[in-house]
Protein chains: 2
Amino acid sequence: MDELDLKILALVQDDARQTAERISDLIGLSPTAIQKRLKKLRDSKIIQKEIAVLDPGKLGQTMTAVVEVSLERENLSVLDAFKKRMRNAPQVQQCYYTTGEADFILVVVVKDIKAYETFTHEYFFGTPEISKFKTSIVMDRVKVSLNVDIQK
Amino acid sequence: MDELDLKILALVQDDARQTAERISDLIGLSPTAIQKRLKKLRDSKIIQKEIAVLDPGKLGQTMTAVVEVSLERENLSVLDAFKKRMRNAPQVQQCYYTTGEADFILVVVVKDIKAYETFTHEYFFGTPEISKFKTSIVMDRVKVSLNVDIQK
DNA sequence: CTTGAAAAAAAATTAGA
DNA sequence: TCTAATTTTTTTTCAAG
């Protein structure tokens, strides 16, 4: 992992489709070398995966919410069960287990407010371990990325 | 946009590197047809972009925080200026402008607590428009994706 | 590391139903 | 629209310096 690797990573985390030749032009290293490094970065799982980012709005998913969830009593099995449910919930884009007032903070993407209500009913109401949850509705998705700060 | 497109999208939002041939095997359509559809989905920006997802930990970024930020007075120029700063801040992975107690909710990824302190000093303290902010430190990144719920 | 060549694979294009 | 064949591009692998 040297500075050239970091430069490559900085480029591909914004655009994974650019060719090794283009990257070569940008950072001054032969296309072959770029490819070898990319392979290493993939094999070592520094590059976890390469994904397509879809436009939620164009898929009819027009509502995003950030939800803070508090559990009743925090025992391990309840915690693990909740994590598993969140991982399997298609509406849940992200789930963080956190310190602070709430236990979990979620990013939820759904069709509309009605679909959000359905989501809360399925996952929150009727789940006695959940003591409360607080919803913040997103008015503007100012910045949405999975980018990591890459510097020397 | 038919059901086949949705199936393709569901596949590529998890793995953008699989070939048209593989997708073809999975959903039963010729590789050429897959490619044409993918091109359309890219051109229409339903597929916004294709990116490499990096492992923050392996890049020395071991701390994630969710931050709720409240502004003093919400006037448009202050709002826009803050949005712009967040978009340009490399530590800020995500920024949402929301209803509720806070005005903004951020996901911040940094090296460690010290780097987080540096971040708050640069972006929050000494910014009079910010009335307060509340930090929740992430103990477990239970689910981190940009996936959209795709169903028929 | 580089360049160059070659092979394999994938993507883009074209033509025909 | 789709499929099938062709061409182009890209990736991968290899050898030599």
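Per chain, numbering begins at 1; letters A, B, ... match sequence-line order.
Under the ring-ring contact (aromatic ring centres under 6.0 Å, His included) test applied with B:Phe104, the options B:Phe133, B:Tyr96, B:Phe82 reduce to a single match, B:Phe82.
Proximity of residues 38-55 of chain B to DNA chain C (heavy atom under 4.0 angstrom from any strand atom) is not detected for any residue.
Judged by closest nucleotide on DNA chain D, B:Ala33 is the one of A:Glu21 and B:Ala33 placed further toward the 5' end. A residue-by-residue look at B:Thr19 and A:Arg37 shows that A:Arg37 has its nearest nucleotide of DNA chain C further toward the 5' end. Along DNA chain C, the nucleotide closest to B:Arg17 and the one closest to A:Leu29 are compared, and the more 5′ of them pairs with A:Leu29.
In the model, A:Thr127 has a side-chain atom that pairs as donor or acceptor with a side-chain atom of A:Arg85 under 3.5 Å.
Electrostatic pairing of B:Lys134 and A:Glu101 counts as a salt bridge here, judged by a charged N lying under 4.0 Å from a carboxylate O. Here A:Lys49 does not pair with B:Asp15 in a salt bridge; the nearest charged N to carboxylate O distance is not below 4.0 Å. Ion pairing between a basic and an acidic side chain is recognised when a charged N comes within 4.0 Å of a carboxylate O; A:Lys39 and A:Asp43 show such pairing.
A pairwise comparison of heavy atoms in B:Ser44 and A:Lys58 identifies O-NZ, 3.1 Å as the closest pair.
Closest contact between the side chain of A:Gln35 and the listed nucleotides D:dT11, C:dA11, C:dG4 involves D:dT11.
If you measure from atom NZ of B:Lys36 to atom P of C:dT14, you get 12 Å, rounded to the nearest angstrom. Nucleotide C:dA11 holds its P atom 12 Å from the CD1 atom of B:Ile8, rounded to whole Å.
Note on A:Ser30: a base of the nucleic acid sits closer than 4.0 angstrom, heavy atoms only.
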